[in-house]
Amino acid sequence: MAQIQNRESLMILIATILVSASAVIMNVVVIVALPTIQSSLNATINQIQWVVGAYAICLSSLILVSGSLGDIYGRKRVFVTGIIIFVIGAILSSTASNIQELIIFQAIQGTGAALMIPGSLSILVTNFPIEERGKAIGLWATSSGIITAIGPLAGGWTVENFGWSYIFLLTVPFSILGLLVTMKYIPESVKNKGKSLDIVGIVIIAISLFGISYALISAPIIGWYHEYILISLTSGIIGTIIFFIYENRIDNPIVPLKIFKDRQVLGANIITLFVYFSFVGAIFFLSLNFQQIQEYSPSETGLKLMPLVATIILFSRPGGSLVDKFGPKKQLTFSPLLLVAGMLWLSRSGINANYSMDFLPALLLIGTAVGLMIAPITKTALKVDQKYSGAASGVNNYIARISTLLTIAVLGLIMISVFNSQLNSLIQTLQIDTYQKQIILEQSNNLAEIKIPDNFTNDAKIAINNIIKTSFVSGFSWIMRVCALIALLASITSTITIEKNNE
């Protein structure tokens, strides 16, 4: 019987690893492919923000209900449904012929991811005893990371040799295999039949997230005082306030606010927000920097991101063992400081940066920090009554995904503002006519993908290309400093909210 149980536990790990890896690989390969997508589909920075944003909005708004759906209808059933939708979204995305279609199809895939990601963790948590959860989460993170490690390299190589559309098919085999293992080995959870689905809450939070996201992403393009921006931002903020008031008054909320009565659970979710904001911001803009400023090919970009992924893998398993033995406080206090150091290191990079000196040390610091934090953040955030484990997993994943949305919107705003300011200032120093300056400035929202007309002189092309890169690097430096500040807030939060032992 013990042998059968061990086999079942192994299969549960394999299923959750395959599905989790699919979601993470997708995030990585899309980011690596963004410069190529922008160039191929002639998209603005605003539009490629929406490629990530559409996925993140659907993921963020629906990931909350995913936990509740699992509690009500069974975690396995919801998990399987999510995998199927995720695969459909991936296949559709590979067929997109323009940026608008890609945005829509990424929204579909984000919906599938929202249903399957919390299920992965809640299935893991509910099938392992509390004294083994940290180790199980560490193994899950490590093994997922090993599979995910092929993401940057495989994504870059695929883009370079077959085209960006094929990157969306990379996750399909993993997802289908995970689906088959799930169907055969994972038991269905006990359904909470007394709990109802909070449809009103779902609608309110979805509209609110879209409103805030639309305002933050579109404001640099159409202006902060445009009526659409004002209406969208106001509606989003008011909607968010209404959501929390409403959730606090109903019997079966999407977000059971009582889980936040535990200061450590609250702290772990705040730390999640800060850490993922910094991490995703660094990777998103680092990929653009590598390909558009350092002029690495997509496959070179994937290769140069490998040390980051490898370091996360290396430290995630011992991170799980350490939290089981010593509790989460030290890891969640000191690891973010490594993240701060990595971000500040990246802020020093210039146009002709040296990878070994300007990027590699930072990637190793960031990878070490994230690897050490995965298990303690997750275990602490899920330290709730088991009947709330699905909702708690949904909340923690919601926080992680909303941080991605905020990262793309807020840091995109900073990048566009700094880039435009620098470009406007530097272009005035060039000895080119006003018409030529205007042609360049009109494309400023494309950032480093500004197209220099062929009829410009060679000297003008060189000078303009230099100021475009200089403007981008200025924005990149500001973004890394902001990411460092946010990571520092994660460390401060840990000192205030996390106890030495969370058992």
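Here, residue 1 is the first one in the sequence, and each next residue gets the next number. This structure is a prediction, so every number in the text was calculated from the model and none was measured.
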Enquirer: Show every side chain to side chain donor-acceptor pair (under 3.5 Å) that has at least one partner inside residues 89-113, sequence neighbours left out.
Expert: S93-Q106, S97-E101, Q106-Q109

Enquirer: Within the supplied structure, the quantity of interest is the number of heavy atoms (other residues, nucleotides, ligands) at a distance under 6.0 Å from N455 CG; does it exceed 12?
Expert: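 Result for CG/N455: enclosed.
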
Enquirer: Quick one: does K469's side chain have a donor or acceptor within less than 3.5 Å of a partner on I351's backbone?
Expert: no

Enquirer: Taking C-beta and beyond as the side chain, do I37 and I99 meet within less than 4.5 Å on heavy atoms?
Expert: yes

Enquirer: Is a side-chain donor or acceptor of Q438 paired with a backbone partner of Y435 at a separation under 3.5 angstrom?
Expert: no

Enquirer: Parallel under 30°, tilted from 30 to 60°, perpendicular over 60°: which one fits the rings of F472 and F476?
Expert: parallel

Enquirer: To check you understand the geometry: which heavy-atom pair defines the closest contact between P173 and L170, and what is its length?
Expert: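 That would be CD-O, 3.4 Å.
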
Enquirer: Taking S232 for its side chain and G211 for its backbone only, find out whether a donor-acceptor pair lies under 3.5 Å.
Expert: yes

Enquirer: Just checking, is any N or O donor in the side chain of T311 or T368 under 3.5 Å from an acceptor N or O on the other one?
Expert: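 Side-chain D/A pair, T311 to T368: absent.
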
Enquirer: Are any non-hydrogen side-chain atoms of F277 and L406 less than 4.5 angstrom apart?
Expert: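 Touching, per the 4.5 Å side-chain cut-off.
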
Enquirer: Checking side-chain polar atoms at under 3.5 Å, does S22 have a donor or acceptor matched by the opposite partner on T171?
Expert: no

Enquirer: Do Y296 and F290 have their ring centres less than 6.0 Å from each other?
Expert: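 Judged by ring-centre distance (under 6.0 Å), Y296 and F290 do meet the cut-off.
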
Enquirer: Using atom types as modelled and distance alone, determine if a side-chain donor or acceptor of S417 lies under 3.5 Å from a backbone N or O of L413.
Expert: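 Yes; at least one donor-acceptor contact below 3.5 Å.
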
Enquirer: Is it the case that more than 12 heavy atoms not belonging to Y228 sit under 6.0 Å from its OH atom?
Expert: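 No, the 6.0 Å shell around OH holds no more than 12 heavy atoms from other groups.
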
Enquirer: Just wondering, do M373 and V275 contact through their side chains at under 4.5 Å, heavy atoms?
Expert: yes

Enquirer: When you measure from the side chain of Q331 to the backbone of P376, do you find a donor-acceptor pair of N or O atoms at a distance under 3.5 Å?
Expert: no

Enquirer: Of the non-hydrogen atoms in L430 and A463, which two are nearest, and what is the gap between them?
Expert: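 That would be CD2-CB, 3.8 Å.
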
Enquirer: Testing the basics here: between F456 and I452, what is the closest heavy-atom pair and its distance to 0.1 Å?
Expert: CD2-CG2, 3.8 Å

Enquirer: Judged by atom type as modelled, is there a donor-acceptor pair below 3.5 Å linking the side chain of Q443 to the main-chain atoms of I439?
Expert: yes

Enquirer: Quick one: do L411 and W478 satisfy side chain to side chain contact (heavy atoms under 4.5 Å, CB included)? Show the steps, please.
Expert: CA-CA 9 Å; L411 298 185; W478 269 100; over 6 Å; no

Enquirer: Looking only at heavy atoms, what is the nearest atom pair of S491 and T333, with distance?
Expert: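 Looking at all heavy atoms of both residues, the shortest contact is OG-O, 2.6 Å.
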
Enquirer: Could I get the full list of side chain to side chain donor-acceptor pair (under 3.5 Å) partners for S39, not counting sequence neighbours?
Expert: none

Enquirer: Between W345 and F359, is the ring centre distance below 6.0 Å?
Expert: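 Ring centroids of W345 and F359 are no less than 6.0 Å from each other.
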
Enquirer: Given 3.5 Å as the limit, does a donor-acceptor pair link the side chain of N465 with the main chain of K461, or not?
Expert: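 Checked: no pair found.
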
Enquirer: Side chains of Q38 and Q292: donor-acceptor distance under 3.5 Å anywhere?
Expert: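 The answer is yes; a qualifying pair exists.
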
Enquirer: May I ask you to say whether K437 pairs ionically with E442, meaning some side-chain N is under 4.0 Å from a carboxylate O?
Expert: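 So K437 does not pair with E442 through a salt bridge.
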
Enquirer: Would you name the heavy atoms of S477 and S347 that are closest together and state the gap between them?
Expert: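 What the structure gives for the nearest pair is OG-O, 3.0 Å.
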
Enquirer: Ignoring hydrogens, what is the shortest heavy-atom contact between L372 and S335? Give both atom names and the distance.
Expert: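 Here L372 and S335 meet closest at CB-OG, 3.4 Å.
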
Enquirer: Is there side-chain contact between I91 and F105, with heavy atoms separated by less than 4.5 Å?
Expert: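 The answer is no, as the side chains (C-beta and beyond) never meet within the 4.5 Å cut-off.
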
